[in-house]
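Note sheet for the following structure.
When reading the values below, keep in mind they use all heavy atoms of this one structure, side chains included, and skip hydrogens, waters and symmetry mates.
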Amino acid sequence: LSLQSTPATSIPTVQVQGQQISLQAPSYTAASQHAEQMKKPGQNFMCLWQSCKKWFQTPSQVFYHAATEHGGKDVYPGQCLWEGCEPFQRQRFSFITHLQDKHCSRDALLAGLKQDEQGQAGNQKPSNK
């Protein structure tokens, strides 16, 4: 996968019934999304909302992100979809408080990460033969 930026002149186009259609990929390609989820130094807290997995430097950044990206007025699904949480129906304001108390405290985030790591490692125990 080559991530070099090509000059604008070499964008492939297709002619469909006399109309030029550009084949340039949108700027939010899968490659850049994947890069966002890479852990950077100093980022020790992860959003464990259903398949989000973005890294942040502080618990308050996780809370702000989760409250706006997952609990925002237009996106909140009516229940908490944090990994391992009971999916009770909650009003949005109740959810924001729940998010702060139950998921975005420093301890809760670190505990959630430990569970996540154990889940990914599965049953791989180091063999000491």
Side-chain angles (χ1 to χ4, degrees):
L1 179 73
S2 146
L3 292 177
Q4 294 164 345
S5 61
T6 53
T9 52
S10 67
I11 296 168
T13 56
V14 187
Q15 285 229 305
V16 180
Q17 296 173 341
Q19 292 183 342
Q20 287 252 324
I21 297 170
S22 158
L23 295 180
Q24 188 179 25
S27 56
Y28 51 88
T29 56
S32 66
Q33 260 182 345
H34 189 69
E36 278 174 27
Q37 296 183 7
M38 298 296 287
K39 185 178 177 191
K40 297 185 184 74
Q43 293 186 325
N44 298 316
F45 301 97
M46 185 197 279
C47 175
L48 293 174
W49 189 264
Q50 198 176 50
S51 72
C52 179
K53 304 271 196 261
K54 286 194 173 132
W55 287 98
F56 297 90
Q57 290 182 343
T58 66
S60 58
Q61 285 176 341
V62 180
F63 171 67
Y64 178 79
H65 154 83
T68 54
E69 297 292 312
H70 307 308
K73 198 165 60 207
D74 301 325
V75 293
Y76 177 55
Q79 58 192 37
C80 181
L81 299 179
W82 199 268
E83 268 182 27
C85 188
E86 297 287 329
F88 295 127
Q89 290 295 316
R90 281 188 178 86
Q91 293 298 320
R92 206 173 131 251
F93 290 112
S94 164
F95 162 72
I96 299 294
T97 312
H98 161 83
L99 188 65
Q100 194 166 25
D101 294 346
K102 294 285 183 284
H103 300 308
C104 293
S105 72
R106 185 180 178 87
D107 293 343
L109 285 166
L110 292 171
L113 271 184
K114 286 203 178 68
Q115 288 172 350
D116 198 55
E117 280 170 11
Q118 286 168 354
Q120 285 176 3
N123 300 331
Q124 296 171 348
K125 291 192 172 70
S127 61
N128 25 353
K129 285 178 184 162

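- Residues that satisfy the ring-ring contact (aromatic ring centres under 6.0 Å, His included) test with Phe63, not counting sequence neighbours, are absent from this structure.
- Atom-to-atom distance recorded for His65:NE2 and Met46:CE is 11.0 Å, nearest 0.5 angstrom.
- Note on Glu86 versus Lys102: no salt bridge recorded, every NZ/NE/NH1/NH2 to OD/OE distance being 4.0 Å or above.
- Between His103 and Leu109 there is no side-chain heavy-atom pair separated by less than 4.5 Å.
- Note that SG of Cys47 and OH of Tyr64 are 14.0 Å apart. Values are rounded to the nearest 0.5 Å.
- For the atom pair NZ of Lys53 and CG of Leu48, the computed distance is 5.5 Å after rounding to the nearest 0.5 Å.
- The line from CD of Gln79 to CD of Gln89 is 5.0 Å long, rounded to the nearest 0.5 Å.
- Nearest heavy atom pair, residue Asn44 against residue Trp55, reads C-CZ3, 3.8 Å.
- Two different hydrophobic clusters hold Tyr76 and Phe88 under the rule that ILVMFWY side chains link at heavy-atom gaps under 4.5 Å.
- Aromatic ring pairs are classed by plane angle as parallel below 30°, tilted from 30° to 60° and perpendicular above 60°; the pair Phe95 and Trp49 is perpendicular.
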**Q.** Check against side-chain contact (heavy atoms from CB on, under 4.5 Å), Gln61 and Lys54
**A.** CA-CA 11 Å; Gln61 285 176 341; Lys54 286 194 173 132; over 6 Å; no
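- In this structure, CD in Gln100 is found 9.0 Å from CD1 in Ile96, a value given to the nearest 0.5 Å.
- The neighbour count for Gln91 CD, taken as heavy atoms of other residues, nucleotides or ligands under 6.0 Å away, does not exceed 12.
- Put simply, CZ on Phe56 and SG on Cys104 are 9.5 Å apart, with the number rounded to the nearest 0.5 Å.
- For Arg106 (side chain) and Pro59 (main-chain N/O), no donor-acceptor pair under 3.5 Å exists by modelled atom type.
- For Ser60, the side-chain hydrogen bond (donor to acceptor under 3.5 Å, both in side chains) partners are Thr58, not counting sequence neighbours.
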